[in-house]
Peer 1: 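Provided herewith is a single structure, encoded as structure tokens, for subsequent inquiry.
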Amino acid sequence: MDYSIKIGGEAGQGIQTVGDTLAKVFSRTGFHVFTNQDYESRVRGGHNFYQIRFSDKPIMASREKVNILVALDRESIERHGNELSAIGQIIYDSTAIGIPTPNPQRTVLNHLDVPFIKLAEESGGSKIMANTVATGAVLGMLGMDLDILIAIIKDTFKKKGEQVINSNISAAMAGHDFAVKNCM
């Protein structure tokens with residue numbers, strides 16, 4: 001077991017939130033975790049990424065190839081699509097990034113179009129929970145359950161009240177369920 005996940009998008013899209021949360025889930029599940037963040041731009045709109053590698057054996061560096069690319073913008077597919085491993089997959093929201101499929105010039109065969117924003121609005125009540133949907137979708141793709149993520153959500157939002165907690169749990173479940181049903 002040795003996976004690498006890269007979350008890419010514009011500064012301000014919540015890349016660090018998704019990355020930090022996934023890293024906590026993997027660590028609390030008992031995996032060894034290594035994270036790497038890129039801050040090309042701290043200005044809203046500039047491209048950034050967060051990479052997580054987790055394994056059942058000790059690790060001390062990231063890998064060049066990624067197994068899952070979470071593309072929160074089109075530029076993430078263009079910049080990082082060629083970093084996918086032979087079995088790698090891209091997950092993205094085609095409506096949000098404005099393209100129906102990954103760049104056809106790349107040899108990217110596996111992708112999962114997850115309607116992050118639509119699922120966030122329907123299940124959580126707000127598009128701001130799209131990152132929670134994406135986090136749940138990654139765990140669904142990996143065949144992991146949501147127990148640890150739910151505990152993290154409860155702890156993170158305990159001061160914001162039950163409604164915020166329940167909305168985020170619902171959003172995570174929606175992303176997880178979508179990935180489980182539609183993942184190649």
Side-chain angles (χ1 to χ4, degrees), residues 3-28 31 33-54 59 61-85 88-99 102-103 106 108 111-121 124 126-142 144 146 148-149 152-153 155-157 160 164 167-168 171-172 174-176 178-179:
Y3 282 94
S4 187
I5 299 168
K6 184 173 275 189
I7 303 104
E10 295 178 359
Q13 283 190 296
I15 298 156
Q16 186 171 1
T17 301
V18 176
D20 285 347
T21 303
L22 286 171
K24 282 181 189 176
V25 169
F26 301 139
S27 177
R28 291 179 187 179
F31 291 107
V33 178
F34 183 90
T35 63
N36 177 44
Q37 292 180 261
D38 177 67
Y39 300 106
E40 288 183 28
S41 174
R42 296 296 285 175
V43 177
R44 189 166 195 59
H47 184 75
N48 292 299
F49 70 81
Y50 190 118
Q51 189 163 335
I52 306 159
R53 180 178 177 196
F54 67 100
I59 50 177
S62 60
R63 289 190 319 193
E64 274 187 46
K65 295 295 183 184
V66 295
N67 301 99
I68 298 173
L69 172 61
V70 181
L72 299 178
D73 67 353
R74 179 188 303 230
E75 189 173 352
S76 295
I77 294 172
E78 293 166 357
R79 281 191 183 206
H80 307 294
N82 61 349
E83 297 172 22
L84 286 178
S85 68
Q89 291 192 325
I90 298 174
I91 65 169
Y92 64 105
D93 182 336
S94 65
T95 303
I97 66 174
I99 56 174
N103 185 341
R106 304 239 189 247
V108 177
H111 63 278
L112 181 62
D113 183 1
V114 180
F116 299 138
I117 294 173
K118 180 181 177 197
L119 291 173
E121 290 173 339
S126 172
K127 69 180 183 177
I128 200 164
M129 294 178 201
N131 291 336
T132 307
V133 172
T135 304
V138 168
L139 296 176
M141 291 175 77
L142 294 169
M144 297 178 76
L146 294 178
I148 293 173
L149 176 59
I152 291 169
I153 289 170
D155 186 53
T156 301
F157 296 111
K160 294 196 176 192
V164 172
S167 294
N168 275 278
H176 185 271
F178 187 93

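Numbers here are sequence positions counted from 1. Both backbone and side-chain heavy atoms feed into the values below; hydrogens, waters and symmetry mates do not.
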Peer 1: Measuring from atom NZ of Lys65 to atom CD of Glu83, what distance do you get when rounded to the nearest 0.5 angstrom?
Peer 2: 7.5 Å
Peer 1: Got Val138 and Leu142 here, is their nearest side-chain heavy-atom distance under 4.5 Å?
Peer 2: yes
Peer 1: Side chains of Tyr92 and Val114, heavy atoms from C-beta outward: is any pair under 4.5 Å?
Peer 2: no
Peer 1: Does the Ser76 side chain pair with the main chain of Gly8, one donor and one acceptor, at a distance under 3.5 Å?
Peer 2: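 Side chain of Ser76 to backbone of Gly8, a donor-acceptor pair under 3.5 Å: yes, one is there.
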Peer 1: Less than 4.5 Å apart, side chain to side chain, heavy atoms only: is that true for His47 and Asp73?
Peer 2: yes
Peer 1: Could you state the interatomic distance from CD1 (Ile15) to CD (Glu10), rounded to the nearest 0.5 Å?
Peer 2: 8.5 Å
Peer 1: On a heavy-atom basis, which atom in Ser62 and which in Gln51 lie closest, and how many Å separate them?
Peer 2: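 What the structure gives for the nearest pair is CB-NE2, 4.0 Å.
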Peer 1: Could you measure the distance from the CD1 atom of Ile90 to the CG atom of Leu112? Nearest 0.5 Å is fine.
Peer 2: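 Separation between the atoms: 11.0 Å.
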Peer 1: Between Ile77 and Leu69, what is the shortest heavy-atom contact and its length?
Peer 2: CA-CD2, 4.3 Å
Peer 1: Would you say that more than 12 heavy atoms from the other residues, nucleotides or ligands in this model lie under 6.0 Å from the CZ of Phe34, or not?
Peer 2: yes
Peer 1: Quick one: closest heavy-atom pair of Gln13 and Leu72, and the distance?
Peer 2: NE2-O, 3.0 Å
Peer 1: Can you tell me how far CE of Met141 sits from OH of Tyr3, rounded to the nearest 0.5 angstrom?
Peer 2: 10.0 Å
Peer 1: Show the numbers, then the answer: is there a side chain to side chain contact (heavy atoms under 4.5 Å, CB included) between Val66 and Ile5?
Peer 2: CA-CA 6 Å; Val66 295; Ile5 299 168; over 6 Å; no
Peer 1: Between Ile59 and Arg53, which heavy-atom pair has the shortest distance, and what is it?
Peer 2: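 Taking every non-hydrogen atom into account, CD1-O, 3.2 Å.
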Peer 1: What are the two closest non-hydrogen atoms of Gly19 and Ile52, and how far apart are they?
Peer 2: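 So the minimum-distance heavy-atom pair works out to O-CD1, 3.4 Å.
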Peer 1: Going through the distances and angles, do Ile152 and Arg28 end up as a side chain to side chain contact (heavy atoms under 4.5 Å, CB included)?
Peer 2: CA-CA 10 Å; Ile152 291 169; Arg28 291 179 187 179; 3.1 Å; yes
Peer 1: Could you state the interatomic distance from CD1 (Ile128) to CD1 (Ile117), rounded to the nearest 0.5 Å?
Peer 2: 11.5 Å
Peer 1: Examine distances only and state if a side-chain atom of His176 and a backbone atom of Met144 form a donor-acceptor pair shorter than 3.5 Å.
Peer 2: yes
Peer 1: Step by step, would you call Thr21 with Ile153 a side chain to side chain contact (heavy atoms under 4.5 Å, CB included)?
Peer 2: CA-CA 9 Å; Thr21 303; Ile153 289 170; 6.0 Å; no
Peer 1: Looking at every heavy atom in both Ile91 and Ala134, which two are closest together, and how far apart are they?
Peer 2: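 Nearest heavy atoms, Ile91 then Ala134: CD1-O, 4.3 Å.
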Peer 1: NZ of Lys6 to CD1 of Ile68: how many Å apart, nearest 0.5 Å?
Peer 2: 14.0 Å
Peer 1: Kindly determine whether Phe26 and Ile148 satisfy side chain to side chain contact (heavy atoms under 4.5 Å, CB included), including the steps that lead there.
Peer 2: CA-CA 9 Å; Phe26 301 139; Ile148 293 173; over 6 Å; no
Peer 1: Please examine the side chains of Phe49 and Asn36, heavy atoms only from C-beta on, and report whether any two atoms are closer than 4.5 Å.
Peer 2: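 Result yes, sub-4.5 Å side-chain heavy-atom pair found.
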Peer 1: Report the residue from Asp38, Val18, Asp20 that forms a side-chain contact (heavy atoms from CB on, under 4.5 Å) with Tyr50.
Peer 2: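 Checked Asp38, Val18, Asp20 against Tyr50; only one passes side-chain contact (heavy atoms from CB on, under 4.5 Å): Asp20.
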